[in-house]
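Scroll down for the structure; my scribbles are underneath it.
Every chain is numbered from 1, with letters handed out A, B, ... down the list of sequences.
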2 protein chains.
Amino acid sequence: MRSYGQYCALAKALDVVGDRWILLIIRELLIRGRCRYVDLLNGLPGIATNLLAGRLKELEAAGVVRREAATAPVATPLYELTDRGRSLEPAIRAFAQWGSQLLGAWNGDEAFCNHWLAMPARLHLSDTAPDERPVTLEVRAGAEPLSIEATGGTVQVRPGPAKAPDAVLSGPPHILAALLVGRLALAKAVAGGATYTGDPAVLRRLQPEAVPAAAA
Amino acid sequence: MRSYGQYCALAKALDVVGDRWILLIIRELLIRGRCRYVDLLNGLPGIATNLLAGRLKELEAAGVVRREAATAPVATPLYELTDRGRSLEPAIRAFAQWGSQLLGAWNGDEAFCNHWLAMPARLHLSDTAPDERPVTLEVRAGAEPLSIEATGGTVQVRPGPAKAPDAVLSGPPHILAALLVGRLALAKAVAGGATYTGDPAVLRRLQPEAVPAAAA
DNA sequence: CGGCATCCTCTTTGATACTG
DNA sequence: CAGTATCAAAGAGGATGCCG
């Protein structure tokens, strides 16, 4: 990107991460942690492959992303955020929160990846029963599932299936998002096309206080 | 901007404010409040006038900016943020904070406007003596001065001169920024080229606890 | 295959000139 | 002052090719 050439913290930030696709690339790396080029490509529907390659180089040069070359046991290079990159998380969260009000019902021709639900999930879920045994919820909306684990007071969200999920949730994206975030009660989510199998307590345990409020 | 076409809150936010120059336009409106087209143009060195005009239209269409047409007493149309626009402030602050670590010494060929100091000032200053009478500090680094007022526990920062400043601060941008933010003690700032006239207590009153720490 | 680099077209930007 | 008009240059998007 062309620099704004302004002595201003915001302008400096935008010199580095203001380019098209950059924040979405960082979103992917925040959600997935270290991953391959092709994982990024899949999580960024619409990006041209040359553009992704170029952006990754810029981000590496800027010290936001680190590229680990493929060595012995690993077949392909891996990308991950540096500390500086991870420190963008609060800003990205703030933006996502602002954008969430622009998120209406899902019109089927928008791209959707299940793991994107990790962002609202990390923001709004917590383990409300730290002393009970760990439980896992698997969420399926797109191709690859997402697993959410409540264990010892913390919530772990990561892409990929859960080994032995205590509950499984699936349905249309906007219903799942609203349900996880606590804007929609389970009954209404089911009425809206969601399916929940397994122990209902798993979902309740993850939700701070939103469920009782929204259940009305 | 071309939409990312992704059902994701962050992508939706970027569909609206991800375009080049947009966040800087919003920065200007956050600092200045309601203002004229030329004010924006002056506060955004490097922007092309057609681009500013186009962005303002997009932002108006998106409900982020409101344009008030010139009526009776006012000679020219004015622009200001809507509530939705103002609600971007936390996200912009978060980004600016991230960018501040990229802000080194001021190399003279970067553009600088004095009123940009309002962002770090609002973030880091507070009125530490709410019960004393209001005091005003005037900051001069660029063309137009900035006035910072501590009154009754709150700090007001706005572009423009102060009526009767209790103190006046001037000097090179990076020195003033570091001083205001508390990263630099007054003595060191003066050694670095800053000038401070008036009551030293004014500056101390504005700074939470940073000065004692950084004074060492 | 996964991980890019090239080539080409189309859109956006930047610079400047011009008008009500 | 507040923009619009014009045009060249840069960047994005898409397809495809190359290489381990």
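Between the P atom of C:dG3 and the CG atom of A:Leu44 lies a distance of 14 Å, rounded to the nearest Å. At whole-Å resolution of the value, CG in A:Asp39 and P in C:dC4 are 13 Å apart.
For the atom pair CG (A:Leu81) and CZ (A:Arg34), the distance works out to 11.5 Å, reported to the nearest 0.5 Å. Interatomic distance, B:Leu176 CG to B:Leu117 CG, rounded to the nearest 0.5 Å: 6.0 Å.
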Legend entry - Verdict with reasoning, A:Asp15 to A:Ser3, per side chain to side chain donor-acceptor pair (under 3.5 Å): CA-CA 5 Å; A:Asp15 281 347; A:Ser3 167; 3.0 Å; yes
Inset, instruction - Report the C-alpha separation of B:Glu80 and B:Arg32 in whole Å, then their side-chain angles, then the decisive distance to 0.1 Å, and conclude whether the salt bridge (charged side-chain N to carboxylate O under 4.0 Å, His left out) test is met. - result: CA-CA 9 Å; B:Glu80 69 179 327; B:Arg32 307 182 100 95; over 6 Å; no
Legend entry - Candidate pair B:Glu58 and B:Arg55, rule salt bridge (charged side-chain N to carboxylate O under 4.0 Å, His left out), full reasoning: CA-CA 5 Å; B:Glu58 296 170 25; B:Arg55 293 288 191 257; 3.4 Å; yes
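Nucleotides of DNA chain D that come within less than 4.0 Å of any heavy atom of chain A span, from the 5' end to the 3' end, D:dA12 to D:dT16.
Between the side chains of A:Glu28 and A:Trp116, at least one donor N or O lies within less than 3.5 Å of an accepting N or O. Side-chain contact check for A:Ser170 and A:Tyr196: no donor-acceptor pair (N or O, by modelled atom type) lies under 3.5 Å.
Proximity of A:Lys57 to the phosphate of C:dG3: no side-chain N or O atom is located under 4.0 Å from OP1 or OP2. OP1 or OP2 of C:dC4 lies within a sub-4.0 Å distance of a side-chain N or O belonging to A:Tyr79.
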Inset, instruction - Determine, for nucleotides 13-20 of chain C in 5'-to-3' order, which nucleotides have protein heavy atoms under 4.0 Å from the base (write B), from only the sugar-phosphate (write S), or from neither (write -). - result: SBBBB---
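Between the axis at the start and the axis at the end of the helix from C:dC1-D:dG20 to C:dG20-D:dC1 there is an angle of 30°, using five pairs per end and rounding to 10 degrees.
Between A:Tyr37 and A:Tyr79, the two ring planes are tilted [angle within 30° to 60°].
Across A:Pro208 and A:Leu206, no two heavy atoms sit closer than the pair CD-O, 3.4 Å.
Annotation: cation-pi pair B:Arg27/B:Phe95 absent, no NZ/CZ under 6.0 Å from the ring centroid and within 45° of its normal.
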